[in-house]
Amino acid sequence: MQMDQLVALCKRRGFLFQSSEIYGGLQGFWDYGPLGVELKRNVREAWWRDMVTSQDELEVPPGAPSTYEMTGLDCTIIMHPQVWKCSGHYDLFHDYMVDCRESKRRYRYDQIQGRWAESDGKRVFVATNVSGDEGLEETQRKALKFFNLRAKNADRLQWGGPLVCLTTVENLAEVLGPDAKEPGTLTEPREFNLMFKTIVGALGGEEDTAFLRPETAQGIFVNFKNVLDSTRVRVPFGIAQIGKSFRNEITPRNFTFRSREFEQMEIEFFCRPETSPDWYKYWRDRRFQWYIDLGLAGDRLRLRDHDPDELSHYSCGTADIEYAFPFLADGEFGELEGVAHRGDFDLRSHMEGKLVRQGDQLVVEENEHGQPRHRGSGKDLSYYDDQTKERFVPHVIEPSAGADRATLAFLCEAYNEDEVPDEKGKLTKRVFMKFHPRLAPIKAAVFPLVKKDGMPEVAKEIYRTLKPHLTAFYDEKGAVGRRYRRQDEVGTPFCITVDGQTMQDGTVTIRDRDTLEQWRVSKEDCLSELQQRLKA
RNA sequence: GCGGGUGUAGCUCAACGGUAGAGCCAUAGCCUUCCAAGCUAUUGACGAGGGUUCGACUCCCUUCACCCGCUCCA
């Protein structure tokens with residue numbers, strides 16, 4: 001499938017539009033049209049129903065270490081700025097970057113190292129983006145080449161010290177970039193604000209700066225105690241939240257895949273530290289199965305465990321659920337959801353302050369005065385188990401899904417073309433969206449075969465009995481084959497047609513979108529027949 | 001952020017330094033008894049802003065957006 005065909009269909013049939021399109025659009029922002037909003041709503045509702053409201057806390061689910069409870073939350077997009085300082089986002093999301101005019105590469109300002117080299121009175125800072133002994137070798141090699149010296153003449157090269165960070169260099173004109181042949185090709189460092197800034201209060205100044213959340217998860221952590229105190233939930237339990245998040249993506253690309261405003265579906269699952277590895281496995285497999293059950297089966301979906309060196313400093317296990325989007329190169333996958341074991345990092349951060357790794361410990365990061373770099377809330381977020389009489393900080397498993405990415409994957413997976421015979425028996429191309437019935441924006445269309453002989457009246461009656469229970473669509477215009485095709489293109493799984501026989505025996509035909517098969521049911525049984533099949 | 005490409009009707013595509021055409025779709029009507037039929041009519045566009053010119057959709061500049069490659073991906 002070509003991505004542009006899907007993009008064209010999404011626009012043509014009202015799934016997705018570019019935001020602010022009449023003004024030329026805005027990079028990284030997308031709107032859901034009349035059908036898209038139904039599709040995405042169905043994705044969200046399937047997730048909420050399957051993860052939260054239908055969770056049976058009285059029975060141990062298959063694969064789970066024990067019973068557990070699920071509850072929900074809906075917190076604000078703008079939170080106290082300290083939330084983002086303690087979570088680590090504030091520091092991480094304010095990267096300074098330098099560009100190289102020669103190599104066209106971009107580097108994190110604080111990740112470039114180098115050392116001063118001098119030869120024949122010329123002095124230059126030789127930079128590299130590798131560190132340690134490799135960095136020493138690399139800079140040695142580069143310096144020799146730059147000064148046009150042979151290895152045996154290495155003694156004509158004087159080093160001004162060990163590897164130091166580029167941030168210590170005042171004049172970037174003296175810097176030989178990591179991939180450059182001449183010095184002075186690096187631009188001045190520029191700040192990348194990856195969190196959206198905003199101002200709280202009508203007269204707000206710089207000190208009233210707040211941020212639009214870059215993830216929904218932190219709202220769950222800061223409400224952890226509220227949920228505990230108000231609901232009688234007991235560990236192990238999960239808190240779920242669906243909501244918008246905002247990130248200033250450097251390169252928004254690939255349709256809605258990397259949007260700057262996007263929606264997340266996140267669970268923070270709290271459990272005893274010693275059971276956390278089992279819960280991690282449970283959630284990883286459970287979330288993977290969810291996508292399969294909704295139609296993303298096959299080679300295009302995969303579960304990928306992160307390599308140990310890929311893990312965040314606080315994590316003892318992370319897996320990505322990935323989909324081979326058509327806009328990616330062959331063999332490449334894009335992330336739909338990350339399932340992470342986060343230990344007690346988040347709750348501790350909001351208790352004690354921003355944490356950093358020191359050896360195999362997480363400790364509060366300190367500033368130059370020996371005080372916390374970002375002070376925590378000071379509130380006790382530990383949990384008291386009154387059965388075992390123990391107090392502990394729960395460990396957290398975080399399945400974090402992208403609602404827009406899931407929706408996009410379902411759209412990509414649904415796109416199908418086949419050939420069906422027209423009224424003369426000639427094969428013609430058909431485009432149909434093979435949505436899982438739970439996700440289809442329109443569940444059923446109702447047609448009179450022709451617009452006369454009392455058929456429209458019967459069809460309208462059926463339409464009205466369906467409408468309170470499911471999204472239905474009525475159409476009496478033009479040839480019935482055309483109406484079928486239109487519904488195929490928006491993925492309506494079932495079409496009900498009132499024909500001549502209906503007037504005799506009260507039965508109607510139901511047509512299946514994928515197989516084109518038709519069968520007859522009594523017009524009174526339409527609703528129950530559909531409800532039964534939509535559950536499948 | 002860099003390099004390359006693209007931007008004309010809802011979609012696909014024309015044309016021209018001098019009145020922007022077509023097909024499909026859509027809408028209305030006729031016809032039509034199961035998979036995009038036919039006939040008639042109708043709506044509808046030069047991404048935005050400057051400049052050159054008597055006159056710009058066309059040439060130039062700027063900008064916005066999309067696509068491809070690089071970079072980035074917290």
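In what follows, every chain begins at residue 1, and chains take the letters A, B, ... in the order their sequences are listed. In this text, all values refer to a predicted model and were calculated from it rather than measured experimentally.
- B:A56 and B:G50 are spaced 13 Å apart, taking the P atom of each and rounding to whole Å.
- Following rounding to the nearest Å, A:Arg258 (CZ) and B:C72 (C1') show an atom-to-atom distance of 8 Å.
- Comparing B:G10 with B:G29, their P atoms sit 23 Å apart, to the nearest whole Å.
- Straight-line distance between the P atoms of B:U6 and B:G47: roughly 13 Å, to the nearest whole Å.
- If you measure from atom CG of A:Asp475 to atom P of B:A36, you get 15 Å, rounded to the nearest angstrom.
- Remark: A:Thr515 pairs with A:Asp512 by the side chain to side chain donor-acceptor pair (under 3.5 Å) rule, at least two apart or across chains.
- Here A:Arg483 lies out of heavy-atom contact (under 4.0 Å) with every strand.
- In this structure, A:Gln82 has no side chain to side chain donor-acceptor pair (under 3.5 Å) partners at least two apart in sequence or on a different chain.
- Legend: ring-ring contact (aromatic ring centres under 6.0 Å, His included) pairs involving residues 490-513 of chain A, not counting sequence neighbours: none detected.
- Nucleotides B:C59 and B:C68, compared at atom P, are 26 Å apart to the nearest Å.
- Atom CG of A:Leu336 and atom P of B:C73 are 21 Å apart (whole Å).
- Applying the salt bridge (charged side-chain N to carboxylate O under 4.0 Å, His left out) criterion to A:Glu138, with sequence neighbours excluded, gives A:Arg141.
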Would you list the atom pairs, donor with acceptor, under 3.5 Å between side chains in residues 13-27 of chain A and any protein atom, with sequence neighbours excluded?
residue : atom : partner  : partner atom : Å
A:Arg13 : NH1  : A:Glu489 : OE1          : 2.4
A:Glu21 : OE2  : A:Lys11  : NZ           : 3.3

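- Between the CG atom of A:Asp91 and the C1' atom of B:A74 there is a distance of 12 Å, rounded to whole Å.
- Using a 4.0 Å heavy-atom distance criterion, A:Phe432 is classed as making no nucleic acid contact.
- Taking the six-membered ring for Trp and the full ring otherwise, A:Phe325 and A:Phe257 have centroids separated by under 6.0 Å.
- For A:Val420, the side-chain contact (heavy atoms from CB on, under 4.5 Å) partners are A:Asp418, A:Thr428, A:Arg430, A:Arg485, A:Leu516, not counting sequence neighbours.
- The P atoms of B:A48 and B:A20 are separated by 16 Å, rounded to the nearest whole Å.
- With sequence neighbours excluded, the residues that form a ring pair (Phe, Tyr, Trp, His ring centres under 6.0 Å) with A:Phe269 are A:Tyr68, A:Trp279, A:Trp283.
- A:Thr407 is linked by a side chain to side chain donor-acceptor pair (under 3.5 Å) to nothing, counting only residues two or more places apart in sequence or in another chain.
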- Note on the structure: Per-residue pairing states of RNA chain B in dot-bracket (Watson-Crick or G-U under 3.5 Å; . unpaired, | other strand) read (((((((..((((....[..)))).(((((.......)))))....(((((..]....))))))))))))....

Enumerate donor-acceptor pairs with a distance under 3.5 Å from any side-chain N or O in residues 473-484 of chain A to protein atoms, sequence neighbours excluded.
residue  : atom : partner  : partner atom : Å
A:Tyr474 : OH   : A:Glu476 : OE1          : 2.7
A:Asp475 : OD1  : A:Lys477 : N            : 3.1
A:Asp475 : OD2  : A:Arg486 : NH2          : 3.4
A:Arg483 : NE   : A:Lys477 : O            : 3.2
A:Arg483 : NE   : A:Gly478 : O            : 3.3
A:Arg483 : NH1  : A:Pro448 : O            : 2.7
A:Arg483 : NH1  : A:Asp475 : O            : 3.1
A:Arg483 : NH2  : A:Pro448 : O            : 3.3
A:Arg483 : NH2  : A:Leu449 : O            : 3.1
A:Arg483 : NH2  : A:Gly478 : O            : 2.9
A:Tyr484 : OH   : A:Thr497 : OG1          : 2.7
A:Tyr484 : OH   : A:Gln518 : NE2          : 3.3

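- In this structure, the CH2 atom of A:Trp30 is 11 Å from the C1' atom of B:C67, given to the nearest Å.
- Atom-to-atom, CZ of A:Arg342 to P of B:A74 comes out at 13 Å; the value is rounded to the nearest Å.
- Spacing of P atoms, B:A15 relative to B:U58, comes out at 15 Å, to the nearest Å.
- Side-chain contact annotation: A:Glu398 with A:Ser400, donor-acceptor N/O pair under 3.5 Å absent.
- When the P atom is compared between B:G4 and B:A26, the two are found 41 Å apart, to the nearest whole Å.
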Write out a two-atom table: protein N or O, nucleotide N or O from nucleotides 60-65 of chain B, distance below 3.5 Å.
residue : atom : partner : partner atom : Å
B:C64   : O2'  : A:Gly24 : O            : 3.3
B:A65   : OP1  : A:Gln27 : N            : 3.3
B:A65   : O4'  : A:Gly24 : O            : 3.0
B:A65   : O3'  : A:Gln18 : NE2          : 2.7
B:A65   : O2'  : A:Gln18 : OE1          : 3.4
B:A65   : O2'  : A:Gln18 : NE2          : 2.8

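- Other residues, nucleotides and ligands contribute more than 12 heavy atoms inside 6.0 Å of the CD atom of A:Glu332.
- For the OP1/OP2 pair of B:A36 and a distance below 4.0 Å, the side-chain nitrogens and oxygens of A:Lys429 include no atom meeting the criterion.
- In this structure, A:Arg405 atom CZ and B:C73 atom P are separated by 14 Å, rounded to whole Å.
- Heavy-atom nearest nucleotides on RNA chain B were determined for A:Ala329 and for A:Arg12, and the one closer to the 5' end corresponds to A:Arg12.
- In this model, a side-chain donor or acceptor of A:Arg253 finds a partner on the base of B:G69 within 3.5 Å.
- Look at CZ on A:Phe257: it is 18 Å from C1' on B:C66, rounded to the nearest Å.
- Within 4.0 Å of A:Glu21, counting heavy atoms only, lies no atom of the nucleic acid at all.
- Of the two residues near RNA chain B, A:Arg247 and A:Val431, the one whose nearest nucleotide lies more 5' is A:Val431.
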Would you tabulate the pairs of protein nitrogen or oxygen atoms and nucleotide nitrogen or oxygen atoms of nucleotides 27-35 of chain B closer than 3.5 angstrom?
residue : atom : partner  : partner atom : Å
B:A28   : OP1  : A:Lys477 : NZ           : 3.4
B:U33   : O4   : A:Asp453 : OD2          : 2.8
B:C34   : O2   : A:Tyr484 : OH           : 2.7
B:C34   : O2   : A:Gln518 : OE1          : 3.4
B:C34   : O2   : A:Gln518 : NE2          : 2.9
B:C34   : N3   : A:Tyr484 : OH           : 3.4
B:C34   : N3   : A:Gln518 : NE2          : 3.2
B:C34   : N4   : A:Asp499 : OD2          : 2.6
B:C34   : N4   : A:Thr509 : OG1          : 3.2
B:C35   : O2'  : A:Pro421 : O            : 2.9
B:C35   : O2   : A:Arg511 : NH2          : 3.3
B:C35   : N3   : A:Arg511 : NE           : 2.7
B:C35   : N3   : A:Arg511 : NH2          : 3.4
B:C35   : N4   : A:Arg511 : NE           : 3.2
B:C35   : N4   : A:Leu516 : O            : 3.3

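- When all heavy atoms of A:Leu439 and A:Leu39 are compared, the closest pair comes out as O-CD1, 3.3 Å.
- Across the C1' atoms, B:U12 and B:C64 are found 24 Å apart, a figure rounded to whole Å.
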